[in-house]
Amino acid sequence: YLKLLGRCGIDSCSPAELRYARQVGFEEAEISYTGTSVSESDLDCLQRHPGVHINCDSLSTIRRLGKLCPGRRIGIRVNPELGAGYNEMLRYAGEKATKFGIYRDRFEEAIATARAAGLRVEVLHFHFGSGYLGSALDVLDQVLERVGALLDTHPEIRTLNIGGGLGVRLAEADVAIDLERWAAIVARHVARRGLRVQVEPGDYLMKDAGVLLVRVNTVEQKAGTRFVGIDAGLNIQNLAAYYHTPFIVAPLCRVAGAPLERVTIAGNINEAIDLLAEDVELPALAEG
């Protein structure tokens with residue numbers, strides 16, 4: 001559907017995602033590749049797609065890509081050392097060192113490595129977390145300030161990719177993103193530099209684009225907790241298991257006058273982390 005709109009490209013993170021984007025009709029020039037811990041087989045795939053833009057997040061990738069594809073135009077993914085997201089597990093930068101991006105103390109080394117490898121750096125990229133909300137816009141402002149200082153030392157880089165990470169409200173206390181303020185912050189940093197801006201808002205666009213429909217198969221009290229078992233699990237929807245992101249859970253059928261009860265929604269995968277929602281209040285649910 002997004003391809004048919006003709007107004008966007010795709011950012012991929014693996015060869016399989018790249019191939020899938022091609023299969024649904026995206027041209028190579030409409031695809032970027034932002035991987036981490038990139039393997040030799042990943043690089044072999046990228047060599048076969050010379051029109052795909054690559055954002056390199058390590059000096060190792062730059063060196064090895066240069067040997068394989070000299071003359072290629074690339075982006076450098078930097079780590080701004082500030083992060084925000086739905087929770088700590090979804091912050092890609094911050095006080096704790098992360099595997100993502102090239103830190104500022106090695107940025108000039110990365111530029112020199114790219115030049116020595118015969119690569120042309122045309123894009124600066126960052127992505128500081130998944131699911132940042134309105135309360136984190138001050139962090140975005142600081143990140144853009146830091147990245148802007150790097151760009152000022154290399155005026156030949158004319159494109160800034162501000163990554164993705166825009167979040168949607170998942171809980172009552174969440175502060176929604178004010179898109180006008182978000183855009184104003186970005187514009188203040190890039191307009192005076194005359195930069196082209198790229199953004200990866202896929203999660204923001206798609207987060208509320210579907211529902212997971214399940215059936216209750218088990219209702220049982222265990223050690224003081226009322227478990228509601230369903231016919232799906234983390235193999236279908238893994239965000240709760242991996243990242244503890246909350247979901248809105250609602251019954252499709254409700255008995256009139258049914259009392260409210262506190263329950264934990266458990267998936268059907270034989271893993272301890274397979275819980276879709278814990279201690280939520282719902283009308284009484286029955287098997288079937």
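This structure is a prediction, so every number in the text was calculated from the model and none was measured.
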Salt bridge (Lys or Arg N to Asp or Glu O under 4.0 Å) between E81 and R104: does it pass, once the steps are laid out?
CA-CA 9 Å; E81 301 168 58; R104 290 179 293 172; 3.1 Å; yes
Nearest heavy-atom neighbours spanning [X] and [Y]:
{"X": "V147", "Y": "F126", "answer": "CG2-CD2, 3.7 Å"}
{"X": "Y132", "Y": "G164", "answer": "CE2-O, 3.5 Å"}
{"X": "L170", "Y": "P246", "answer": "CB-CG, 3.7 Å"}
{"X": "I62", "Y": "C56", "answer": "CG1-CB, 3.6 Å"}
{"X": "E261", "Y": "L285", "answer": "OE2-N, 3.3 Å"}
{"X": "G233", "Y": "I269", "answer": "CA-CG1, 4.1 Å"}

Under 3.5 Å, side chain of [X] to main-chain N/O of [Y], donor-acceptor pair present?
{"X": "D57", "Y": "T36", "value": "no"}
{"X": "R91", "Y": "G129", "value": "no"}
{"X": "R158", "Y": "G194", "value": "yes"}
{"X": "D274", "Y": "E271", "value": "no"}
{"X": "R188", "Y": "A191", "value": "no"}
{"X": "R22", "Y": "F26", "value": "yes"}
{"X": "S12", "Y": "S32", "value": "yes"}
{"X": "E278", "Y": "T264", "value": "no"}

Do you reckon [X] sits in the same ILVMFWY cluster as [Y], going by side-chain contacts under 4.5 Å, direct or chained?
{"X": "L124", "Y": "L195", "result": "yes"}
{"X": "I74", "Y": "L59", "result": "yes"}
{"X": "V216", "Y": "V214", "result": "yes"}
{"X": "Y242", "Y": "L90", "result": "yes"}
{"X": "L160", "Y": "I185", "result": "yes"}

With a 4.5 Å limit on heavy-atom distance, are the side chains of [X] and [Y] in contact?
{"X": "K207", "Y": "L239", "result": "yes"}
{"X": "R146", "Y": "L150", "result": "no"}
{"X": "T225", "Y": "F227", "result": "yes"}
{"X": "W182", "Y": "V199", "result": "yes"}
{"X": "E122", "Y": "I157", "result": "no"}
{"X": "D11", "Y": "E17", "result": "no"}
{"X": "I162", "Y": "L140", "result": "no"}
{"X": "F128", "Y": "L82", "result": "no"}

Looking at [X] and [Y], does any basic side-chain N land under 4.0 Å from a carboxylate oxygen?
{"X": "E28", "Y": "R19", "value": "no"}
{"X": "D138", "Y": "R181", "value": "yes"}
{"X": "D279", "Y": "R262", "value": "yes"}
{"X": "E40", "Y": "R64", "value": "yes"}
{"X": "K3", "Y": "E30", "value": "yes"}

Using a cut-off of 6.0 Å, state whether more than 12 heavy atoms not belonging to [X] lie near its atom [atom1].
{"X": "D152", "atom1": "CG", "value": "yes"}
{"X": "L213", "atom1": "CG", "value": "no"}
{"X": "M89", "atom1": "CE", "value": "yes"}
{"X": "L5", "atom1": "CG", "value": "yes"}
{"X": "E281", "atom1": "CD", "value": "yes"}
{"X": "F247", "atom1": "CZ", "value": "yes"}
{"X": "R215", "atom1": "CZ", "value": "no"}

How many angstroms lie between CG in L179 and CD1 in I177, if you round to the nearest 0.5 Å?
6.5 Å
Polar side chain donor-acceptor pair, S58 to S60, under 3.5 angstrom
no
Can you see whether S41 engages D44 through a side-chain donor-acceptor pair at a distance of less than 3.5 angstrom?
no
Apply side-chain hydrogen bond (donor to acceptor under 3.5 Å, both in side chains) to E200 and N161, showing your working.
CA-CA 8 Å; E200 302 162 14; N161 186 323; 2.9 Å; yes
What side-chain donor-acceptor pairs closer than 3.5 Å can you find for residues 94-101, not counting sequence neighbours?
from: T98; atom 1: OG1; to: N79; atom 2: ND2; distance (Å): 3.0
from: T98; atom 1: OG1; to: Y92; atom 2: O; distance (Å): 2.7
from: T98; atom 1: OG1; to: F100; atom 2: N; distance (Å): 3.4

Parallel under 30°, tilted from 30 to 60°, perpendicular over 60°: which one fits the rings of H127 and H125?
perpendicular
Output all residues satisfying ring-ring contact (aromatic ring centres under 6.0 Å, His included) with F107, sequence neighbours left out; order by chain, then residue number.
H154
